[in-house]
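Every chain is numbered from 1, with letters handed out A, B, ... down the list of sequences.
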Amino acid sequence: MAKTGTINWSKKSKMQSFEEVYEVVKLIPEGRVSSYGAIAKYLSTGARLVGWAMNAAHGLHDVPAHRVVNRNGILTGKFHFESPTLMQELLEAEGIEIVADKIQNFSKIYWDPQIELSL
DNA sequence: ACCATGACTATAA
DNA sequence: CTTATAGCCATGG
């Protein structure tokens, strides 16, 4: 049972969408962020599904949910973390500037799976 | 199957 | 930028 270098859809026919989202989120580099819509589009699914997956990602260590924000670069999910300030703290720890729950230089550090993974 | 809800997004005003 | 509306997909009652 080796690690999943790539997504291993062995058996588990259920909740495949969640696993897909986790795999993509785990690929987001430090200091970069992505949006629900970008991931959703990459997986050919709805943006709300990504948010739902993140909600279920609580407790899954390997999923850096703090690197996923909405299309405005707003930390919309910060209240879903252990603390309302934890998300911002984690992002700032990676060198990301945040003012009033809004990511600065958003377009600069934005990470789109459809672009970054298709090079 | 229908209805309500949710860490969303595109569009219009 | 905000507000309102519609579309989106999965989950739960």
Side-chain angles (χ1 to χ4, degrees):
Chain A
M1 194 44 185
K3 271 194 188 308
T4 68
T6 59
I7 305 176
N8 65 337
W9 309 121
S10 48
K11 291 173 184 165
K12 293 194 167 190
S13 51
K14 223 173 163 194
M15 52 190 285
Q16 87 274 1
S17 301
F18 283 45
E19 295 297 321
E20 284 180 306
V21 175
Y22 300 153
E23 287 297 324
V24 176
V25 173
K26 285 192 252 185
L27 293 175
I28 302 176
E30 292 187 8
R32 303 288 295 276
V33 294
S34 188
S35 66
Y36 304 93
I39 299 171
K41 194 176 179 211
Y42 177 74
L43 300 174
S44 299
T45 185
R48 309 206 79 144
L49 198 284
V50 178
W52 198 263
M54 290 291 92
N55 186 23
H58 272 282
L60 301 181
H61 50 67
D62 289 334
V63 183
H66 60 278
R67 295 193 189 127
V68 183
V69 297
N70 72 351
R71 73 177 187 86
N72 284 321
I74 308 283
L75 282 54
T76 52
K78 65 179 219 167
F79 290 108
H80 294 263
F81 284 76
E82 304 174 31
S83 167
T85 59
L86 179 60
M87 187 175 188
Q88 179 172 335
E89 295 294 321
L90 291 171
L91 290 172
E92 290 178 332
E94 296 181 358
I96 299 176
E97 302 176 67
I98 301 175
V99 177
D101 299 337
K102 166 92 167 49
I103 294 180
Q104 307 302 295
N105 302 320
F106 179 57
S107 58
K108 194 177 208 172
I109 63 177
Y110 180 69
W111 187 86
D112 188 336
Q114 278 195 136
I115 298 174
E116 307 292 340
L117 298 180
S118 67
L119 293 176

Undergrad: Does a side chain donor of either A:S34 or A:Y110 reach within less than 3.5 Å of an acceptor in the other side chain?
TA: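 A:S34 vs A:Y110: no donor-acceptor pair found between side chains.
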
Undergrad: What integer distance in Å separates A:R67:CZ from B:dA7:C1'?
TA: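 My rounded result for the distance is 17 Å.
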
Undergrad: Starting at atom CD1 of A:I74, determine the distance to atom P of C:dT3, rounded to an integer number of angstrom.
TA: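 Atom-to-atom, A:I74 to C:dT3, this comes out as 13 Å.
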
Undergrad: One character per nucleotide, please: for nucleotides 8-13 of chain B, 5' to 3', B when the base has a protein heavy atom closer than 4.0 Å, S when only the sugar-phosphate does, - otherwise.
TA: BSSB--

Undergrad: CZ of A:F18 versus C1' of C:dT11: gap in Å, rounded?
TA: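 Going from A:F18 (CZ) to C:dT11 (C1'), I get 7 Å.
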
Undergrad: Which whole-number value in Å describes the distance from A:Y42 OH to C:dC8 P?
TA: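 Atom-to-atom, A:Y42 to C:dC8, this comes out as 23 Å.
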
Undergrad: Quick one: label A:F79 by what it contacts on the DNA or RNA (base, sugar-phosphate, nothing), any heavy atom closer than 4.0 Å.
TA: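 Nothing, no heavy atom under 4.0 Å.
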
Undergrad: Checking all strands, does A:A65 fall into the base, sugar-phosphate, or nothing category for heavy-atom contacts under 4.0 angstrom?
TA: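 A:A65: base contact, heavy atoms under 4.0 Å.
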
Undergrad: What do you reckon, is CD of A:Q114 surrounded by more than 12 foreign heavy atoms closer than 6.0 Å?
TA: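 Yes, CD of A:Q114 has more than 12 neighbouring heavy atoms, counting only those of other groups under 6.0 Å.
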
Undergrad: Say we look at C:dC8 and B:dA12: how far apart would their P atoms be, to the nearest angstrom?
TA: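 Going atom to atom, P in each nucleotide, I get 16 Å.
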
Undergrad: May I ask you to say what A:H58 touches in the nucleic acid, namely base, sugar-phosphate or nothing, with a heavy-atom cut-off under 4.0 Å?
TA: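 Base, at least one base heavy atom under 4.0 Å.
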
Undergrad: Any chance the side chains of A:H66 and A:Q88 put a donor and an acceptor closer than 3.5 Å?
TA: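 No, because no side-chain N or O of A:H66 sits under 3.5 Å from a partner of the opposite role on A:Q88.
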
Undergrad: Check whether any side-chain heavy atom of A:M54 lies under 4.5 Å from a side-chain heavy atom of A:Y36, and answer yes or no.
TA: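 Touching, per the 4.5 Å side-chain cut-off.
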
Undergrad: From A:I96 CD1 over to A:I109 CD1, what is the distance, rounded to the nearest 0.5 angstrom?
TA: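 Taking CD1 in A:I96 and CD1 in A:I109, the distance rounds to 4.0 Å.
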
Undergrad: Rounding to an integer number of Å, can you tell me how far A:N55 CG sits from B:dA7 P?
TA: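 In whole Å, B:dA7 P lies 7 Å from A:N55 CG.
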
Undergrad: Rounded to whole angstroms, how far apart are CD1 on A:I39 and C1' on C:dA10?
TA: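 In whole Å, C:dA10 C1' lies 16 Å from A:I39 CD1.
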
Undergrad: Whether the side chain of A:Q104 engages the backbone of A:K102 through a donor-acceptor N/O pair (distance < 3.5 Å, no angle test) should be reported.
TA: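 Looks like yes, one N/O pair under 3.5 Å.
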
Undergrad: Give the rounded distance in Å between these two atoms: CZ of A:F106 and C1' of C:dC1.
TA: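 That distance rounds to 16 Å.
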
Undergrad: So, A:R32 and A:E116, do they make that salt bridge, N to O below 4.0 Å?
TA: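 The answer is yes: the pair qualifies as a salt bridge.
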
